[in-house]
Amino acid sequence: MKFNNIHSLKDIINNCKNIVIIPHFNPDGDAIGSSLALHGILKQLNKKSTVISPNMAPNFYSWAPSYNEIIYFDEKSENCIKILNQSDLIFTLDFNDLKRIGDLGDELEKTNSKIVMIDHHQNPTNYATLNFSFPNVGSTCELLYEILLSLDFEMLINKDISTCLYLGIMTDTGSFQYNSVTSRTHQIISRLLDQNIDHNFIYNKVYNDSSSSRLKILGIALNNLVHIKELNTAYMFLTKEDLENSNYKKGDSEGIVNYGLSLKNVVFCAIFIEDLNEDNNVKISFRSIGNFKCNEFANDYFSGGGHINAAGGKYEGSSKKAVDHFLKNIFNYKNKLTQ
Ligand code: 5GP
Ligand code: MN
């Protein structure tokens, strides 16, 4: 890939010493993978690098190289603010709107640091000094690989960094099944495999390391599944009670939404999950196959966004109310869902 601002990025990196890397709230494999990969590169360049995450990722990412060096804004906010204020450069990875990092965004805006956005979501907002915003690339990790190559840092991409990049590409492509996967994606994967990474270990750590609570919650969600045949749509929900009864832990519900798409002809599905710790707060995930734009639907009705085929949003109220709101509006999309 060609980047017209790569020289500016090189200059900024050369001239800065104290660097902070920020992934989005509830970081996923791509956010964690890209943050830790860049962290590894910057350390090799003898920079002082700190990864500050708004909150913790699910436990099934905790094996990632240097994961234990991440610090958490929701746990140590004063320490994080101090590090931010001492920084001269901040990378924001895998998001493009400060709303995605909550209160940490206010602190970021107070600093005088240069800000570099590296992201693949649509509709970037304008907060960064330099933008690397490429919605057509399947993952931030794939984009970061291309940027590292353009910066002439290929020789710094060692086994640990390759492992982090593989993690993000694997998770954000649904293990290489989404439309965003190209021959270039596979070329990059091939180069990462050349670093002797253990791809089987990575897959098993992320997908085959479940606690029984994760499977129980999957069972409850599948039991709650509603198939609206005439709209090629399916939805599921999990109430606070469901989560309490199955000993829910962070990350247990990740990926469940995708099961809706395994139904014949279904092109759109959603899952509504009540917040275990806060009443009247529902998190919604949307997934689609083909042209149906989840991000538009999420934005129009659930204050959210994301990609065409994977988006999220929120609703203030019970999951029942959120589902009612969904049902009130989804029938207007009959043409788009059945074409
Ligand atoms: P997930 O369903 O896995 O939480 O999110 C799917 C995609 O939608 C991710 O790429 C994520 O960045 C985006 N997303 C999830 N929740 C929100 C939200 O509340 N607002 C916006 N703008 N994007 C979201
Ligand atoms: Mn991503």
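Whatever order the structure lists ligands and atoms in, that order sets their numbers, starting from 1.
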Mutual orientation of the aromatic rings belonging to Phe292 and Phe268 [parallel < 30°, tilted 30-60°, perpendicular > 60°]: tilted
Neighbour list for ligand 1 [protein residues, heavy atom under 4.0 Å]: Arg100, His121, Lys283, Ser285, Arg287, Gly304, Gly305, Gly306, His307, Ala310, Ala311, Gly312, Gly313, Lys314
Aromatic ring pairing Phe326/Tyr235, orientation class (parallel under 30°, perpendicular over 60°, tilted between): perpendicular
Criterion side chain to side chain contact (heavy atoms under 4.5 Å, CB included) on Ser253 and Leu238, from CA distance to verdict: CA-CA 9 Å; Ser253 55; Leu238 287 165; 4.3 Å; yes
Residue pairs fulfilling salt bridge (Lys or Arg N to Asp or Glu O under 4.0 Å) with at least one residue in residues 60-71, sequence neighbours excluded: Lys43-Glu69
His199 and Tyr166 aromatic ring geometry - parallel, tilted or perpendicular at 30°/60° bounds: tilted
Salt bridge (Lys or Arg N to Asp or Glu O under 4.0 Å) against Glu107, all qualifying residues, sequence neighbours excluded: Lys110
Option among Tyr301, Phe302, Tyr333 that satisfies the ring-ring contact (aromatic ring centres under 6.0 Å, His included) test with Phe286: Phe302
Thr129 (side chain) donor-acceptor with Ile115 (main chain) under 3.5 angstrom: yes
Flag if over 12 foreign heavy atoms under 6.0 Å of NZ, Lys250: yes
Protein N, O or S atoms under 2.8 Å from the Mn ion (ligand 2): 4
